[in-house]
2 protein chains.
Amino acid sequence: MTESATAPRTAEELRAAILERYDTFSKRLQQIARFVLDHPDDLALETLAVVAERSGVQPSAIVRFAKALGYSGAMPMQRLLRDGLLANHTALGYGERVRQFNAALDSQAGTGDDGELLAEFVDRDTLALENLRQTMTKAELARAVKLIDQAQTLYIMGFRRAFPVASYLAYSFQQVGKRTVFVDGVGGLTRQQIGAIGESDLLIAVSYHPYAEETVHAVEGAVSAGAKVLTITDSLVSPMAKMAAQVLQVRESEVRGFRSLAASLCLAQTLVISLAFERERAGARTAPRTRRRRS
Amino acid sequence: MTESATAPRTAEELRAAILERYDTFSKRLQQIARFVLDHPDDLALETLAVVAERSGVQPSAIVRFAKALGYSGAMPMQRLLRDGLLANHTALGYGERVRQFNAALDSQAGTGDDGELLAEFVDRDTLALENLRQTMTKAELARAVKLIDQAQTLYIMGFRRAFPVASYLAYSFQQVGKRTVFVDGVGGLTRQQIGAIGESDLLIAVSYHPYAEETVHAVEGAVSAGAKVLTITDSLVSPMAKMAAQVLQVRESEVRGFRSLAASLCLAQTLVISLAFERERAGARTAPRTRRRRS
DNA sequence: GATAGAATGGAACGTATATTCCACGTTCTA
DNA sequence: TAGAACGTGGAATATACGTTCCATTCTATC
């Protein structure tokens, strides 16, 4: 049973192989071939018995069909179509491909080649970024920027793994002239730092699982003080999500408990510069005297 | 087991039901809930055993989860997600669906070009990552990891724009059990924080143009104290470069004056995990009994 | 029209899977 | 600090599935 001899390795190859060898098939095999070409999703997702019933043949005939194409059974062919379906589907959401990367990493875990490691992290971060682009909608971003723009003072908070993101946000927002308080928790002064937050302020809370207690408490405090909350987090069921006026979900890929921050920082940068542009536009509207044309 | 009582009938209903009842779930059930929300395709396509292994729980726990939602078992829930996946997929052709997705993004543009901004940053960061992969050699990385591994205590420093990178490094190295001192400069105690650095220690200095004075001085101090220095910087002619035992050059993309940190953080993560692997290998050699399941 | 060869349907089989069950551990409560 | 209720992991079990096998039917050739 040399499966590798002629067995197609991708969904497209399978399709081509069926078309090519269609004439050489027996009547029943041709019937199955037509069904596979017409309803590939059925064969991919449903059980063999269901496919058999739907296509009006016996399960054993489907196995014969798969073997005629060089597979060891019907299951390898199903898996092929299933993976193809998933690949096409996740052209929108790249999370699945990230998973495949992780599996690939696991398989070659023993080698531990540093250079390969870098290449794999580059790939993985690239996927995370692409996923961010696909899943973050303009509406979400616009609402977040509006919240930031309308806030009198910005309070920014994020501990542990979220700390780099928070510190980047704090630094950058200060750079573009937004009044910003960075709640860094130094000296155990978290409560004091955030104590002055008021109704016209916004707390940007960055937190990933497992969510730092301080951040959760700070969000609660901010909400009860009447302030709005914008959270950047990794799950819609995070403790902060339901209290927040706006949630920006970032799905970083994870390798052995080490999650990246590439997507989060890209998002952070986008927020900062979007705010800068927003203010520029607003400034141009309120002060139409601005003349760039100079004689 | 009246399944029809509360059991969601569509994938969307299921998602909503999980979000709604998330708080009432036990710890393990919440873990499963997060996985289902984050990787619905996995649960839809893979077998229970595979899903269990991927999400780090027992198959029986998944069955319990499904029953908690009102199903008679895990299989009905799987079928639900599977059908939803198929419906989404077969509703339109693949390409059409992608186009529709993008069109949806465009239509809800709202205020302005925030979405384009995000896309632009994603592109730039992707390029920066690709550049990192091509320019960073294995030898450089290996030398850097060796320096880190041999250091008795790690001092990590980076101010202003480099601060997020430094804080990420400090946090992550501590996570993998490396003795680490994070020189954060709180209270103007930079000199005191780094004062104890000795000959067998390593200072990791992260700095970009314009190079923060404190960091430059700290590097000088570390060198004169006999310590090694590893710098992550944007130029080989940066003030720190000639004093460092090893320089890792990172060229970040720049968009309208704002530089990203994606490549730096990817490199940082690579360093951390390379060290973890290195130690694991060494540990395996000296103590082959070491069994490690999860990190 | 007879016969050899291939193809087919359906039952039987072994396996992999979902599910159940129970002893153990954990977490509240009195 | 007990005790009880709940939650959990993993073995045991039942089920459903893919696959194989073989008697029967169909097709092609002489």
Side-chain angles (χ1 to χ4, degrees), chain A residues 1-3 7 14 18 21-36 39-83 210 213 237, chain B residues 1-3 7 14 18 21-36 39-83 291 293-294:
Chain A
M1 201 67 58
T2 66
E3 179 172 324
L14 174 62
I18 292 175
R21 304 184 48 187
Y22 181 80
D23 293 329
T24 72
F25 287 151
S26 72
K27 189 162 58 179
R28 190 52 42 95
L29 255 45
Q30 288 184 349
Q31 179 183 352
I32 297 171
R34 282 196 303 275
F35 186 85
V36 174
H39 313 283
D41 295 347
D42 278 22
L43 186 55
L45 295 181
E46 304 294 340
T47 158
L48 251 201
V50 173
V51 175
E53 198 226 332
R54 245 173 231 178
S55 59
V57 301
Q58 292 290 329
S60 53
I62 301 177
V63 175
R64 271 199 294 273
F65 176 78
K67 289 194 171 180
L69 283 155
Y71 298 101
S72 64
M75 210 162 221
M77 184 173 66
Q78 273 190 299
R79 180 147 293 275
L80 206 69
L81 289 169
R82 187 171 303 185
D83 290 347
E213 280 183 45
V237 294
Chain B
M1 202 66 56
T2 66
E3 180 170 324
L14 174 61
I18 293 174
R21 303 187 46 190
Y22 181 80
D23 292 327
T24 72
F25 287 151
S26 71
K27 191 162 56 180
R28 189 50 42 93
L29 255 45
Q30 288 184 349
Q31 179 183 353
I32 298 171
R34 284 195 301 274
F35 186 87
V36 174
H39 313 280
D41 295 351
D42 275 26
L43 187 56
L45 295 181
E46 305 292 343
T47 92
L48 255 199
V50 173
V51 174
E53 197 225 332
R54 251 173 222 172
S55 59
V57 301
Q58 294 287 330
S60 52
I62 301 177
V63 174
R64 272 199 294 272
F65 176 78
K67 290 195 170 181
L69 283 155
Y71 299 100
S72 64
M75 208 159 226
M77 184 174 65
Q78 274 191 297
R79 177 147 297 275
L80 208 67
L81 290 169
R82 188 171 304 182
D83 291 347
R291 268 265 153 269
R293 187 63 197 91
R294 286 195 148 264

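Just so we're on the same page: letters track the sequence lines, and every chain starts at 1.
Atom OH in B:Tyr71 sits about 17 Å away from atom C1' in C:dA18, given to the nearest Å. Spacing between atom CD of A:Gln30 and atom C1' of C:dT8 amounts to 15 Å, rounded to whole angstrom units. Between the NZ atom of B:Lys67 and the P atom of C:dA18 there is a distance of 14 Å, given to the nearest Å. Atoms CG (B:Leu48) and P (C:dT20) sit 12 Å apart, rounded to a whole Å. Taking atom CD1 on A:Ile62 and atom P on C:dA7, their separation rounds to 18 Å, with Å as the unit. B:Glu53 has its CD atom 15 Å from the C1' atom of C:dT17, to the nearest Å. Atom pair A:Arg79:CZ and D:dT19:C1' shows a separation of 17 Å (rounding to whole Å applied). A:Ile32 has its CD1 atom 13 Å from the P atom of C:dA7, to the nearest Å.
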### Message
Using a 4.0 Å heavy-atom cut-off to protein, can you give one letter per nucleotide of nucleotides 5-16 of chain D, 5' to 3': B if the base is in contact, S if only the sugar-phosphate is, - if neither?
### Response
--SBBB------
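Evaluation of the side-chain hydrogen bond (donor to acceptor under 3.5 Å, both in side chains) rule for B:Arg28 yields B:Gln31 as partners, not counting sequence neighbours. In this structure, the side-chain hydrogen bond (donor to acceptor under 3.5 Å, both in side chains) partners of A:Arg54, at least two apart in sequence or on a different chain, are A:Asp42. For B:Asp23, the side-chain hydrogen bond (donor to acceptor under 3.5 Å, both in side chains) partners at least two apart in sequence or on another chain are A:Lys242. Take A:Arg21 and apply the salt bridge (Lys or Arg N to Asp or Glu O under 4.0 Å) test, not counting sequence neighbours, and it matches no residue. Applying the side-chain hydrogen bond (donor to acceptor under 3.5 Å, both in side chains) rule to A:Arg79 yields no partners; only residues at least two apart in sequence or on another chain are considered.
Ring planes of A:Tyr22 and A:Phe25: perpendicular class, angle over 60° (limits at 30 and 60°).
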